[in-house]
Amino acid sequence: MLTKMAIIEELKNLGLQKGMKILVHVALSKIGYLENGPETLISAIKEIITEDGVIVMPAYNSYGEYKPNLSIMNESFKNQNDIIRTNQLIASFAIWGNEKEKIAANIDYTEDGLSFEAGEKSTLSRLYENNGWSLMLGTDYSTCTILHLAENRATWPAKIIFTEEYISREGKRIPFHDVAYQDEDFNEIGEAFESLYKNDDSVFKSGIIGNAKCKLINQRSFVDFAVNWMNQNRS
(Lines give C-alpha, C1' and ligand atoms only; values in the text may rest on other atoms or scores of the structure.)
Protein backbone atom coordinates (compact mmCIF):
# COMPACT_ATOMS: atom_id res chain seq x y z
CA MET A 1 0.00 0.00 0.00
CA LEU A 2 1.35 3.41 -0.98
CA THR A 3 1.14 6.15 1.61
CA LYS A 4 0.90 9.87 0.91
CA MET A 5 4.48 10.45 2.10
CA ALA A 6 5.81 7.73 -0.20
CA ILE A 7 3.99 9.24 -3.19
CA ILE A 8 5.29 12.73 -2.36
CA GLU A 9 8.86 11.44 -2.34
CA GLU A 10 8.42 9.66 -5.68
CA LEU A 11 6.72 12.66 -7.30
CA LYS A 12 9.57 14.91 -6.19
CA ASN A 13 12.07 12.42 -7.60
CA LEU A 14 10.16 12.63 -10.88
CA GLY A 15 10.71 16.39 -10.88
CA LEU A 16 7.45 17.82 -9.59
CA GLN A 17 8.08 21.17 -7.88
CA LYS A 18 6.28 23.99 -6.10
CA GLY A 19 4.59 26.44 -8.45
CA MET A 20 4.39 24.15 -11.51
CA LYS A 21 1.32 24.34 -13.73
CA ILE A 22 0.45 20.77 -14.62
CA LEU A 23 -2.11 18.89 -16.72
CA VAL A 24 -2.54 15.50 -15.04
CA HIS A 25 -3.37 12.14 -16.65
CA VAL A 26 -3.58 9.10 -14.35
CA ALA A 27 -4.10 5.35 -14.67
CA LEU A 28 -4.62 4.44 -11.00
CA SER A 29 -4.60 0.71 -11.72
CA LYS A 30 -1.02 0.98 -12.99
CA ILE A 31 0.18 2.74 -9.83
CA GLY A 32 -1.11 0.18 -7.34
CA TYR A 33 -3.12 0.29 -4.13
CA LEU A 34 -3.20 3.75 -2.54
CA GLU A 35 -3.94 4.51 1.07
CA ASN A 36 -7.35 6.29 0.94
CA GLY A 37 -7.55 5.87 -2.84
CA PRO A 38 -7.32 8.76 -5.31
CA GLU A 39 -7.64 11.34 -2.54
CA THR A 40 -4.11 10.37 -1.42
CA LEU A 41 -2.62 11.06 -4.84
CA ILE A 42 -4.51 14.33 -5.29
CA SER A 43 -3.46 15.52 -1.83
CA ALA A 44 0.18 14.60 -2.51
CA ILE A 45 0.24 16.54 -5.78
CA LYS A 46 -1.37 19.57 -4.13
CA GLU A 47 1.13 19.51 -1.27
CA ILE A 48 4.06 19.65 -3.68
CA ILE A 49 2.61 22.10 -6.20
CA THR A 50 0.97 24.32 -3.54
CA GLU A 51 -1.58 26.95 -4.52
CA ASP A 52 1.25 28.89 -6.18
CA GLY A 53 0.96 26.31 -8.94
CA VAL A 54 -2.01 25.05 -10.94
CA ILE A 55 -3.45 21.55 -11.30
CA VAL A 56 -5.62 20.81 -14.34
CA MET A 57 -7.50 17.59 -15.10
CA PRO A 58 -9.95 16.73 -17.87
CA ALA A 59 -13.52 17.02 -16.56
CA TYR A 60 -15.67 17.13 -19.71
CA ASN A 61 -19.31 18.15 -19.99
CA SER A 62 -22.30 16.18 -21.26
CA TYR A 63 -24.09 18.19 -23.91
CA GLY A 64 -25.82 16.47 -26.79
CA GLU A 65 -24.93 12.79 -27.15
CA TYR A 66 -21.31 13.17 -26.04
CA LYS A 67 -21.21 11.80 -22.47
CA PRO A 68 -17.75 10.40 -21.71
CA ASN A 69 -17.10 8.52 -18.49
CA LEU A 70 -14.56 10.05 -16.13
CA SER A 71 -12.07 8.00 -14.15
CA ILE A 72 -12.44 7.87 -10.37
CA MET A 73 -9.39 10.15 -10.10
CA ASN A 74 -10.92 12.84 -12.30
CA GLU A 75 -14.29 12.56 -10.57
CA SER A 76 -12.66 12.95 -7.14
CA PHE A 77 -10.67 15.98 -8.27
CA LYS A 78 -13.49 17.88 -10.00
CA ASN A 79 -15.76 17.50 -6.95
CA GLN A 80 -13.29 18.97 -4.46
CA ASN A 81 -13.52 22.45 -2.93
CA ASP A 82 -11.79 25.38 -4.62
CA ILE A 83 -12.11 23.79 -8.07
CA ILE A 84 -13.46 25.71 -11.04
CA ARG A 85 -14.79 24.17 -14.22
CA THR A 86 -14.32 25.54 -17.69
CA ASN A 87 -17.51 25.71 -19.73
CA GLN A 88 -16.59 24.10 -23.02
CA LEU A 89 -19.07 21.74 -24.60
CA ILE A 90 -16.66 18.81 -24.82
CA ALA A 91 -13.12 19.66 -23.70
CA SER A 92 -13.96 20.91 -20.20
CA PHE A 93 -11.33 20.98 -17.45
CA ALA A 94 -11.31 21.12 -13.65
CA ILE A 95 -8.67 23.53 -12.30
CA TRP A 96 -7.15 24.24 -8.86
CA GLY A 97 -4.63 26.88 -7.70
CA ASN A 98 -4.30 30.61 -7.19
CA GLU A 99 -4.07 31.24 -10.95
CA LYS A 100 -6.95 28.95 -11.91
CA GLU A 101 -8.98 31.80 -13.43
CA LYS A 102 -6.01 32.81 -15.57
CA ILE A 103 -5.61 29.27 -16.88
CA ALA A 104 -9.33 28.50 -17.24
CA ALA A 105 -9.97 30.82 -20.21
CA ASN A 106 -13.67 29.95 -20.18
CA ILE A 107 -15.22 29.98 -23.63
CA ASP A 108 -18.38 32.03 -24.12
CA TYR A 109 -21.49 30.46 -25.63
CA THR A 110 -21.22 32.18 -28.97
CA GLU A 111 -20.68 30.69 -32.39
CA ASP A 112 -17.12 31.98 -32.48
CA GLY A 113 -16.36 31.05 -28.88
CA LEU A 114 -17.50 27.46 -29.28
CA SER A 115 -15.06 26.88 -32.09
CA PHE A 116 -11.83 24.94 -31.64
CA GLU A 117 -12.08 24.00 -27.97
CA ALA A 118 -8.48 22.76 -27.90
CA GLY A 119 -7.25 25.76 -29.88
CA GLU A 120 -5.93 29.23 -29.17
CA LYS A 121 -8.74 30.26 -26.80
CA SER A 122 -8.49 27.09 -24.74
CA THR A 123 -7.11 26.10 -21.36
CA LEU A 124 -4.48 24.11 -23.26
CA SER A 125 -3.22 27.26 -24.94
CA ARG A 126 -3.10 29.09 -21.59
CA LEU A 127 -1.01 26.24 -20.13
CA TYR A 128 1.35 26.41 -23.12
CA GLU A 129 1.78 30.17 -22.66
CA ASN A 130 2.47 29.78 -18.92
CA ASN A 131 5.17 27.11 -19.08
CA GLY A 132 2.82 24.23 -18.32
CA TRP A 133 3.81 20.59 -17.90
CA SER A 134 1.99 17.33 -18.63
CA LEU A 135 2.18 14.84 -15.77
CA MET A 136 1.48 11.32 -17.05
CA LEU A 137 1.14 8.72 -14.29
CA GLY A 138 0.88 5.27 -15.84
CA THR A 139 -0.66 6.55 -19.06
CA ASP A 140 0.71 6.53 -22.59
CA TYR A 141 0.68 9.35 -25.13
CA SER A 142 -2.72 8.38 -26.55
CA THR A 143 -4.30 10.23 -23.60
CA CYS A 144 -1.96 13.24 -23.76
CA THR A 145 -4.51 16.04 -24.26
CA ILE A 146 -1.96 18.79 -24.93
CA LEU A 147 -1.31 17.17 -28.33
CA HIS A 148 -4.76 18.37 -29.44
CA LEU A 149 -3.38 21.92 -29.24
CA ALA A 150 -0.65 20.80 -31.64
CA GLU A 151 -3.34 19.43 -33.97
CA ASN A 152 -5.00 22.84 -34.01
CA ARG A 153 -1.71 24.49 -34.98
CA ALA A 154 -0.41 21.94 -37.48
CA THR A 155 -1.34 22.06 -41.18
CA TRP A 156 -1.04 18.55 -42.64
CA PRO A 157 -2.61 18.08 -46.10
CA ALA A 158 -5.71 16.05 -45.11
CA LYS A 159 -6.56 18.06 -42.00
CA ILE A 160 -10.35 18.32 -41.61
CA ILE A 161 -12.35 21.12 -39.99
CA PHE A 162 -15.93 20.03 -39.32
CA THR A 163 -19.16 21.74 -38.31
CA GLU A 164 -21.86 20.22 -36.10
CA GLU A 165 -24.77 21.42 -33.99
CA TYR A 166 -25.00 21.07 -30.24
CA ILE A 167 -28.04 21.68 -28.06
CA SER A 168 -27.51 23.99 -25.08
CA ARG A 169 -29.12 23.45 -21.68
CA GLU A 170 -31.65 26.06 -22.76
CA GLY A 171 -32.45 24.09 -25.89
CA LYS A 172 -30.64 26.45 -28.26
CA ARG A 173 -29.01 24.94 -31.34
CA ILE A 174 -25.40 26.08 -31.44
CA PRO A 175 -23.11 25.67 -34.47
CA PHE A 176 -19.77 24.21 -33.45
CA HIS A 177 -16.57 24.07 -35.52
CA ASP A 178 -13.52 22.00 -34.66
CA VAL A 179 -10.63 19.91 -35.91
CA ALA A 180 -11.26 16.23 -36.62
CA TYR A 181 -8.74 14.93 -34.11
CA GLN A 182 -6.79 11.74 -34.73
CA ASP A 183 -4.81 10.38 -31.81
CA GLU A 184 -3.68 7.19 -33.56
CA ASP A 185 -0.14 8.54 -33.96
CA PHE A 186 0.19 10.19 -30.52
CA ASN A 187 2.35 7.36 -29.17
CA GLU A 188 4.60 7.58 -32.21
CA ILE A 189 4.97 11.33 -31.67
CA GLY A 190 5.75 10.78 -27.99
CA GLU A 191 8.37 8.15 -28.72
CA ALA A 192 10.07 10.44 -31.26
CA PHE A 193 10.06 13.28 -28.71
CA GLU A 194 11.54 11.05 -26.01
CA SER A 195 14.26 9.85 -28.36
CA LEU A 196 15.32 13.45 -28.93
CA TYR A 197 14.96 14.80 -25.38
CA LYS A 198 15.46 11.78 -23.10
CA ASN A 199 18.69 13.26 -21.70
CA ASP A 200 17.35 16.81 -21.29
CA ASP A 201 15.61 17.01 -17.92
CA SER A 202 14.67 20.64 -18.54
CA VAL A 203 12.15 19.26 -21.04
CA PHE A 204 11.52 15.60 -20.25
CA LYS A 205 11.68 13.64 -16.99
CA SER A 206 10.73 10.03 -16.29
CA GLY A 207 10.44 7.81 -13.23
CA ILE A 208 8.33 5.34 -11.30
CA ILE A 209 5.36 6.08 -9.02
CA GLY A 210 4.30 2.89 -7.27
CA ASN A 211 4.28 0.36 -10.12
CA ALA A 212 3.64 2.89 -12.89
CA LYS A 213 6.01 4.31 -15.47
CA CYS A 214 5.56 8.08 -15.33
CA LYS A 215 6.57 11.13 -17.31
CA LEU A 216 6.77 14.88 -16.76
CA ILE A 217 6.90 16.79 -20.05
CA ASN A 218 7.35 20.47 -20.82
CA GLN A 219 4.32 21.37 -22.94
CA ARG A 220 5.86 24.20 -24.94
CA SER A 221 8.67 21.97 -26.16
CA PHE A 222 6.32 19.05 -26.78
CA VAL A 223 3.68 21.03 -28.66
CA ASP A 224 6.27 22.75 -30.86
CA PHE A 225 7.88 19.38 -31.63
CA ALA A 226 4.49 17.77 -32.35
CA VAL A 227 3.41 20.55 -34.73
CA ASN A 228 6.56 20.03 -36.79
CA TRP A 229 6.16 16.25 -36.66
CA MET A 230 2.54 16.39 -37.86
CA ASN A 231 3.42 18.80 -40.65
CA GLN A 232 6.12 16.45 -41.88
CA ASN A 233 4.55 13.04 -41.27
CA ARG A 234 0.77 13.29 -41.53
CA SER A 235 -0.61 12.97 -45.03
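- With Trp96 as the fixed residue, the side chain to side chain contact (heavy atoms under 4.5 Å, CB included) test singles out one of Asn81, Ile83, Ile103: Ile83.
- Distance alone, capped at 3.5 Å, places no donor-acceptor pair between the Glu47 side chain and the Ile8 backbone.
- The CZ atom of Phe204 sits 5.5 Å away from the NZ atom of Lys215 when rounded to the nearest 0.5 Å.
- Within the hydrophobic cluster formed by Ile, Leu, Val, Met, Phe, Trp and Tyr side chains joined at under 4.5 Å, directly or through other members, Ile160 stands alone, with no partner residue.
- Taking both residues in full, the closest heavy atoms of Lys205 and Gly15 are given as CD-CA, 3.7 Å, listed atom of the first, atom of the second, then distance.
- Under the salt bridge (charged side-chain N to carboxylate O under 4.0 Å, His left out) rule, Lys21 has a single partner from Glu129, Glu51, Glu99, which is Glu99.
- Atom-to-atom distance recorded for His177:NE2 and Phe116:CZ is 7.5 Å, nearest 0.5 angstrom.
- Lys4 contributes no side-chain N or O that, together with a main-chain N or O of Leu41, makes up a donor-acceptor pair within less than 3.5 Å.
- Put simply, Leu23 and Leu216 are part of two different groups of oily side chains (I, L, V, M, F, W, Y) that touch within less than 4.5 Å, one to the next.
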Note to self: Working note: Tyr128 + Asn131, criterion side chain to side chain donor-acceptor pair (under 3.5 Å); need CA distance, chi angles, decisive distance, verdict.
What the structure shows: CA-CA 6 Å; Tyr128 174 96; Asn131 196 36; over 6 Å; no

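- Considering all non-hydrogen atoms of both residues, Gly138 and Ala27 come closest at O-CB, 3.6 Å.
- Side-chain atoms of Asn231 never come within 3.5 Å of backbone atoms of Ala154 as a donor-acceptor pair (strictly under, hydrogens ignored).
- For the residue pair Asn211/Lys30, the side-chain donor-acceptor check at 3.5 Å is not satisfied.
- Between Phe225 and Tyr197, the angle of the ring planes goes over 60°, which puts this pair in the perpendicular group of the 30/60° scheme.
- Ile55 and Ile45 get closest at one heavy-atom pair: CD1-CG2, 3.6 Å.
- Donor-acceptor pairing under 3.5 Å is recorded for the side chains of Gln80 and Glu39.
- Considering only heavy atoms from C-beta on, Asn79 comes within 4.5 Å of Glu75 through its side chain.
- Closest heavy-atom contact between Asn218 and Ser221: OD1-N, 3.0 Å.
- The closest donor-acceptor contact from the side chain of Lys198 to the backbone of Phe193 lies at 3.5 Å or more, if one exists at all.
- Both Leu149 and Ile217 are part of a single hydrophobic cluster, where members link through side-chain heavy atoms under 4.5 Å apart.
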Margin query: Evaluate Met73 against Ile42 for side chain to side chain contact (heavy atoms under 4.5 Å, CB included), listing each step before the verdict.
Written below: CA-CA 8 Å; Met73 177 78 173; Ile42 294 168; 3.5 Å; yes

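- Side-chain contact of Asn233 with Asp185: a donor-acceptor pair under 3.5 Å is absent, judged by distance alone.
- Not one N or O on the side chain of Glu164 forms a donor-acceptor pair closer than 3.5 Å with the backbone of Pro175.
- The structure places CD of Glu191 at 9.0 Å from CG of Asp140, a figure rounded to the nearest 0.5 Å.
- Between Phe176 and Thr163 the shortest side-chain heavy-atom distance does not fall below 4.5 Å.
- No donor-acceptor contact under 3.5 angstrom links the side chains of Lys213 and Ser206, judged on distance only.
- No chain of hydrophobic side-chain contacts below 4.5 Å, direct or via other Ile, Leu, Val, Met, Phe, Trp or Tyr residues, connects Phe222 to Trp133.
- Under a cut-off of 6.0 angstrom, the local environment of CG in Leu196 is crowded, with over 12 non-hydrogen atoms contributed by other residues, nucleotides or ligands.
- Side chains of Pro38 and Leu28 form a contact here, defined as non-hydrogen atoms less than 4.5 Å apart.
- Taking 4.5 Å as the limit, some side-chain heavy atom of Glu151 sits within range of a side-chain heavy atom of Met230.
- Using a 4.5 Å heavy-atom threshold, the side chains of Tyr141 and Ile189 count as separate.
- In terms of hydrophobic clustering, with Ile, Leu, Val, Met, Phe, Trp and Tyr side chains grouped at heavy-atom distances under 4.5 Å, Val56 and Met136 are assigned to a common cluster.
- Once rounded to the nearest 0.5 Å, the distance linking CG of Leu147 with CG of Asn152 reads 11.5 Å.
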Next item on the list: For side chain to side chain contact (heavy atoms under 4.5 Å, CB included), just list the numbers for Leu2 and Tyr33, CA-CA rounded to whole Å, side-chain angles, deciding distance to a tenth of an Å, and then say yes or no.
Entry: CA-CA 6 Å; Leu2 285 169; Tyr33 183 72; over 6 Å; no

Note to self: Let's go through Ile49 and Val54 carefully: what are the C-alpha distance in whole Å and the side-chain angles of both, what is the deciding distance for side chain to side chain contact (heavy atoms under 4.5 Å, CB included) to 0.1 Å, and is it a yes or a no?
What the structure shows: CA-CA 7 Å; Ile49 295 294; Val54 172; over 6 Å; no

Margin query: I'd like to know whether Glu117 forms a side chain to side chain donor-acceptor pair (under 3.5 Å) with Ser122, so could you lay out the CA-CA distance, the side-chain angles of the two residues, the decisive distance to 0.1 Å, and finally the verdict.
Written below: CA-CA 6 Å; Glu117 290 194 327; Ser122 71; over 6 Å; no

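- Under 4.0 Å is where a charged nitrogen must lie from a carboxylate oxygen, and between Arg153 and Glu120 at least one such pair does.
- Note: Arg234 CZ to Thr155 OG1 = 11.5 Å, rounded to the nearest 0.5 Å.
- If you take CE on Met20 and OG1 on Thr50, they are separated by 12.0 Å, rounding to the nearest 0.5 Å.
- Put simply, the side chain of Ser76 gets close to the backbone of Ile72: a donor and an acceptor are under 3.5 Å apart.
- In this structure, the side chains of Pro157 and Ser235 stay at 4.5 Å or more apart for every pair of heavy atoms.
- For the residue pair Val24 and Pro58, the shortest heavy atom distance occurs at O-CD, 3.7 Å.
- The nearest pair of heavy atoms linking Thr86 to Ser92 is O-OG, 2.9 Å.
- Counting only heavy atoms from C-beta outward, the side chains of Ile84 and Phe93 never approach each other to under 4.5 Å.
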Note to self: Assess the residue pair Phe186 and His148 against the criterion (side chain to side chain contact (heavy atoms under 4.5 Å, CB included)); give the C-alpha distance rounded to whole Å, side-chain angles, the decisive distance to 0.1 Å, and a yes or no.
What the structure shows: CA-CA 10 Å; Phe186 279 12; His148 292 313; 3.8 Å; yes

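- A side-chain donor-acceptor contact under 3.5 Å links His25 to the backbone of Thr143.
- Leu137 places a side-chain heavy atom less than 4.5 Å from the side chain of Leu135.
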